[in-house]
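Quick notes on the structure that follows.
Note that the structure is a prediction, hence the values are computed from the model and not measured. Just so we're on the same page: letters track the sequence lines, and every chain starts at 1.
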Amino acid sequence: MSVRLYNTLTRRKEDFSPLQVGKAGIYVCGITAYDLCHIGHARAAIVFDVLARFLRYRGYDVTYVKNFTDVDDKIIARAEREGRTIGEVAETFIAAHDEDMAALGVERATVTPRATEHIDGMIALIRTLLEKGLAYVVSGDVYYAVERFAGYGKLSGRGIEEMLAGARIDVNEKKTNPMDFALWKGSKPGEPGWDSPWGKGRPGWHIECSVMSQRYLGDTFDIHGGGEDLIFPHHENEIAQSEGATGRPLARVWMHNGFVRVNKEKMSKSLGNFSTIREMLAVHPPEVLRLFILQSHYRSPVDFSDQALRETRTGLDRFYETRRKIQAALSGGPAADGTAGERLTGGHRRLYEKATGLQERFAGAMDDDLNTARAIGYIFDGVRQVNAYLDAEGQAASPERTLVLAAARQAFDRCGDVLGLFRQDPRDYFAMDQRRETGRRGLEVAEIEDLIAQRLTARQARNWAQADAIRQRLAEHGVILQDGPAATTWKFA
RNA sequence: GGCGGCAUAGCCAAGUGGCUAAGGCAGCGGUCUGCAAAACCGUUAUUCUCCGGUUCGAAUCCGGAUGCCGCCUCCA
């Protein structure tokens with residue numbers, strides 16, 4: 001079974017076959033560093049993080065390039081407004097981006113180039129395009145002549161004519177064709193800029209990606225990704241630039257993640273209905289955000305709401321409850337003692353086979369265009385089976401139980417590694433949640449635990465009325481108690 | 001106006017020609033518990049927006065209708 005990926009270019013799922021056996025080169029358009037990242041950025045980052053992780057799991061040597069756009073009109077505008085340089089503004093938001101992504105468990109890309117580090121390359125590429133007659137200079141600006149590139153529109157599936165029919169593009173007298181786009185923009189006095197053969201100026205938005213992808217991955221590489229809003233014009237223009245210059249295909253597979261919506265409406269900067277990652281993390285555990293996103297297929301739209309996120313948290317809590325039980329059973333139990341899985345019988349054997357088969361089923365779902373939703377379904381199926389086992393034949397410690405639960409734990413860990421989920425220590429997961437929620441609700445962990453201790457005393461005296469009164473009092477603050485055989489644990493509702 | 005996507009239970013969400021339509025959340029009944037909570041067991045879509053068609057067989061393919069959404073402009 002090989003990895004199959006949906007290719008926007010062909011509108012089909014295709015078997016992934018890299019240019020070089022065993023290697024995969026991926027380029028994903030990163031952020032423009034002029035503001036905090038929102039949950040749409042989080043989705044794109046998480047989706048392609050999972051792609052890279054899964055390809056590595058499948059044995060590919062992955063080179064993942066994700067750029068930072070650190071020069072652009074919006075950065076310039078913000079810098080002007082705040083009396084800072086564009087470098088300072090970009091630096092601020094790149095650092096914030098890195099923090100947010102780390103919180104969400106997004107691994108750093110192999111290479112994270114910045115546009116301003118590649119101005120020379122951009123100038124060289126624009127020169128080539130001018131030499132090939134694909135671009136023209138107008139008073140300090142350079143434009144790409146779209147109608148001279150035969151393949152223009154092949155990614156987004158439309159022709160120049162029909163795009164013009166829709167015509168909401170701004171009128172710019174300098175352009176020969178309204179669809180032409182800027183490769184280089186001359187700087188106005190006072191604006192930042194770089195010297196070029198066409199005067200002081202700055203690059204257009206699309207040229208950086210053509211240059212950086214070629215620099216780190218070559219003329220043609222395996223996978224190019226980004227949000228679906230980048231299909232047009234950004235990726236279409238990248239194709240025109242790169243393929244126009246090299247005469248070779250840019251990327252073999254184009255992957256685009258679907259949008260984040262809020263109340264059934266596209267979430268976007270222009271609509272102003274966006275939540276930053278930070279705002280979300282103040283209310284929800286980071287792993288819940290990640291799980292919520294991966295519970296839908298990456299190409300479908302996903303609708304955020306507090307309600308939906310709370311439900312996801314309930315599910316994730318359940319996973320970690322089970323993980324905690326496995327941990328407890330394994331730390332107290334005897335060694336597996338050379339017991340062979342093949343010799344197990346009954347319930348031990350059933351779970352052992354489920355556990356050892358989980359990875360394969362999981363990977364099969366992931367092979368099918370990164371079907372994380374189905375893959376996660378298999379994991380939760382495994383969770384239920386582990387719980388059922390622990391309620392039945394797994395109650396007593398035994399070498400068999402150790403073997404079976406260790407197999408289950410390993411299966412969860414291997415799958416979790418690919419998703420970037422399910423890998424915290426259960427104690428840390430619950431403790432983190434408790435810390436955030438006590439902070440939000442103005443409670444103290446010590447207070448709560450003191451009440452729990454008082455209730456224990458009452459319970460030992462069989463004073464149920466008082467014990468229940470304490471539980472009720474905690475419940476009013478959203479604290480739910482769980483009396484276990486060894487101790488009482490608690491969490492927020 | 002042009003192009004494209006989606007429509008599966010109370011909600012979220014897999015499933016793209018053939019085994020009982022995954023999984024999560026919520027609900028209900030039961031087991032366990034001092035009572036709860038958690039966990040488990042059972043249960044909640046004879047049917048996949050509607051109407052036609054292809055096929056031995058369709059949620060899955062084709063045609064049409066309706067509804068929702070996205071792109072065509074900076075956007076992950």
Side-chain angles (χ1 to χ4, degrees), chain A residues 8 11 13 28-32 34-35 37-48 72-74 153 156-159 161-170 179 205 225-234 236 256-261 264-271 274 291-292 295-297 299-303 305 307-308 310-319 321-322 324-325 361 365 368 371-392 459 462-465 467-468 471-472 475 480-484 488-491 493:
Chain A
T8 307
R11 289 165 221 293
K13 287 184 199 173
V28 173
C29 295
I31 59 153
T32 298
Y34 75 103
D35 204 353
C37 290
H38 56 65
I39 48 185
H41 296 113
R43 184 178 195 192
I46 288 168
V47 163
F48 290 104
D72 145 282
D73 290 355
K74 281 178 292 222
S156 51
R158 48 191 137 209
E161 293 308 313
E162 56 196 37
M163 283 191 272
L164 283 172
R168 275 197 289 165
I169 32 204
D170 61 344
M179 296 306 298
W205 174 34
E228 69 180 9
D229 54 340
L230 296 183
I231 295 172
F232 189 89
H234 184 54
E236 199 72 74
H256 295 94
N257 64 278
F259 275 116
V260 167
R261 307 201 295 192
K264 305 267 177 202
E265 193 180 45
K266 173 185 169 180
M267 186 194 77
S268 75
K269 301 288 287 190
S270 38
L271 289 170
F274 62 94
L291 176 59
F292 178 72
Q295 258 173 339
S296 293
H297 185 83
R299 283 188 283 121
S300 314
V302 73
D303 219 323
S305 68
Q307 173 67 20
R310 274 198 300 274
E311 287 171 3
T312 297
R313 199 199 82 161
T314 308
L316 189 58
D317 283 358
R318 182 154 159 261
F319 175 86
E321 288 288 0
T322 299
R324 174 153 69 186
K325 285 192 263 183
R361 298 203 301 154
D368 184 13
N371 195 331
T372 53
R374 194 160 81 213
I376 290 167
Y378 291 147
I379 291 171
F380 275 98
D381 203 36
V383 166
R384 198 190 65 249
Q385 280 156 359
V386 167
N387 285 329
Y389 170 83
L390 285 169
D391 272 10
R459 290 182 73 217
R462 307 187 72 79
N463 184 347
W464 308 125
D468 290 350
R471 186 169 61 195
Q472 179 57 32
I480 304 294
L481 302 186
Q482 291 165 229
D483 293 327
T488 295
T489 58
W490 61 278
K491 59 177 232 174

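- Among the atoms of the strands shown, base atoms are found under 4.0 Å from some heavy atom of A:L481.
- Nucleotide B:C68 forms a pair with B:G5, judged by Watson-Crick or G-U wobble geometry with both contacts under 3.5 Å.
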- Message: Between A:I39 and A:R43, is the side-chain contact (heavy atoms from CB on, under 4.5 Å) condition met? List the steps.
- Response: CA-CA 6 Å; A:I39 48 185; A:R43 184 178 195 192; over 6 Å; no
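- Within 6.0 Å of CZ on A:R462 lie no more than 12 heavy atoms contributed by other residues, nucleotides or ligands.
- Here B:C40 presents its C1' atom at 15 Å from OH of A:Y389, a figure rounded to the nearest Å.
- Residues satisfying the side chain to side chain contact (heavy atoms under 4.5 Å, CB included) criterion with A:T314, sequence neighbours excluded, are absent altogether.
- Across every strand in view, B:C40 sits in a pair with B:G30 that passes the Watson-Crick or G-U test at under 3.5 angstrom.
- Between the CG atom of A:D35 and the C1' atom of B:A76 there is a distance of 14 Å, given to the nearest Å.
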Could you list, one pair per line, each protein nitrogen or oxygen that sits under 3.5 Å from a nitrogen or oxygen of nucleotides 13-19 of chain B, together with the distance?
| from | atom 1 | to | atom 2 | distance (Å) |
| --- | --- | --- | --- | --- |
| B:A14 | OP1 | A:H297 | N | 2.8 |
| B:A14 | OP1 | A:S300 | OG | 3.4 |
| B:A14 | O3' | A:N371 | ND2 | 2.9 |
| B:G15 | OP1 | A:N371 | ND2 | 2.7 |

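- Rounded to a whole Å, the CZ atom of A:F292 is 12 Å from the C1' atom of B:C11.
- Ion pairing of A:E321 with A:R318 is absent here, as no side-chain N (NZ or NE/NH1/NH2) approaches a carboxylate O to less than 4.0 Å.
- Going from the C1' atom of B:C68 to that of B:U8 covers 15 Å, rounded to whole Å.
- For A:V28, the side chain to side chain contact (heavy atoms under 4.5 Å, CB included) partners two or more places apart in sequence, or in a different chain, are A:I26, A:F48, A:Y64.
- Side-chain atoms of A:D229 lie closest to B:A76 of the nucleotides B:A76, B:G23, B:C40.
- For the pair A:Q482 CD and B:C35 C1', the computed distance is 15 Å after rounding to whole Å.
- B:G24 and B:A39 are spaced 11 Å apart, taking the P atom of each and rounding to whole Å.
- Across the C1' atoms, B:U54 and B:G42 are found 41 Å apart, a figure rounded to whole Å.
- A:R310 comes within 4.0 angstrom of nothing in the nucleic acid, heavy atoms only.
- Spacing between atom CG of A:D483 and atom C1' of B:A37 amounts to 8 Å, rounded to whole angstrom units.
- At a threshold of 4.0 angstrom between heavy atoms, the contacts of A:G40 include nucleobase atoms, whether or not backbone atoms are also involved.
- The nucleotide whose nearest atom lies closest to any side-chain atom of A:F232 is, among B:A39, B:C35, B:C72, B:C72.
- With respect to A:K74 and A:D35, no salt bridge is recorded, no charged nitrogen being found less than 4.0 Å from a carboxylate O.
- A:H38 and A:F274 have tilted rings, their planes meeting at an angle from 30° to 60° on a 0 to 90° scale.
- Nucleotides B:A21 and B:U44 are separated by 12 Å at their P atoms, to the nearest Å.
- When heavy atoms are screened at a 4.0 angstrom cut-off, A:R158 is found touching base atoms of the nucleic acid.
- Distance noted for atom P between B:G5 and B:C62: 11 Å (whole Å).
- B:G4 atom P lies 8 Å from atom CZ of A:R11, rounded to whole Å.
- Within the shown strands, nothing qualifies as a pairing partner of B:U20 under the Watson-Crick or G-U definition with both distances less than 3.5 Å.
- Taking every side-chain heavy atom of A:D391 into account, B:A39 is the closest of B:A76, B:A37, B:A39.
- Of the two residues contacting RNA chain B, namely A:A308 and A:A465, the nearest-nucleotide position lying further toward the 5' end is that of A:A308.
- Between the A:S296 side chain and the A:F292 main chain, no donor and acceptor come within less than 3.5 Å of each other.
- Rounded to the nearest Å, the gap between the C1' atom of B:G23 and that of B:G64 is 34 Å.
- Counting to the nearest Å, the C1' atom of B:G24 and the CG atom of A:L291 are 9 Å from each other.
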So which protein N/O to nucleotides 25-28 of chain B N/O distances come out below 3.5 Å?
| from | atom 1 | to | atom 2 | distance (Å) |
| --- | --- | --- | --- | --- |
| B:C25 | O2' | A:E311 | OE2 | 3.4 |

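- Here A:D381 pairs with A:R361, A:R384, A:Q385 under the side chain to side chain contact (heavy atoms under 4.5 Å, CB included) rule; sequence neighbours left out.
- Comparing B:C69, B:G70, B:C35 against the side chain of A:K266 picks out B:G70 as the nearest.
- Side-chain contact check for A:R158 versus A:E236: every heavy-atom pair is 4.5 Å or farther apart.
- In this entry the distance linking CZ of A:R459 with P of B:U33 reads 13 Å, nearest Å.
- Among the heavy atoms of the strands lying under 4.0 Å from A:N387 are primed sugar atoms or P, OP1, OP2 only; no base atom is included.
- Shown here are the side chain to side chain contact (heavy atoms under 4.5 Å, CB included) partners of A:D229, two or more places apart in sequence or in another chain: A:F259.
- In this model, the phosphate group of B:C35 is not approached by any side-chain N or O of A:R471 to a distance below 4.0 Å at OP1 or OP2.
- Partner assigned to B:U73 is none, using Watson-Crick or G-U wobble distances below 3.5 angstrom.
- B:A58 sits 27 Å from B:C11 when the P atoms are compared, rounded to a whole Å.
- The residue A:F259 sits close to a base: some heavy atom pair falls under 4.0 Å.
- B:G57 makes up no base pair with any nucleotide shown, lacking Watson-Crick or G-U wobble contacts both under 3.5 Å.
- Among the protein residues, A:V260 comes within range of the nucleic acid bases, having at least one heavy atom under 4.0 Å from a base atom.
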- Derivation of the side-chain contact (heavy atoms from CB on, under 4.5 Å) call for A:W490 and A:Q482: CA-CA 6 Å; A:W490 61 278; A:Q482 291 165 229; over 6 Å; no
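- In this structure, B:C48 makes no Watson-Crick or G-U wobble pair, since no nucleotide meets both defining distances under 3.5 angstrom.
- Between the C1' atoms of B:C48 and B:A13, the separation comes to 13 Å (whole Å).
- With contacts defined as side-chain heavy-atom distances shorter than 4.5 Å, the pair A:F319/A:L291 does not qualify.
- Summary of the strand contacts: A:G157 and A:A388 both lie near RNA chain B, and taking for each the nucleotide with the nearest heavy atom, the more 5' one is attributed to A:G157.
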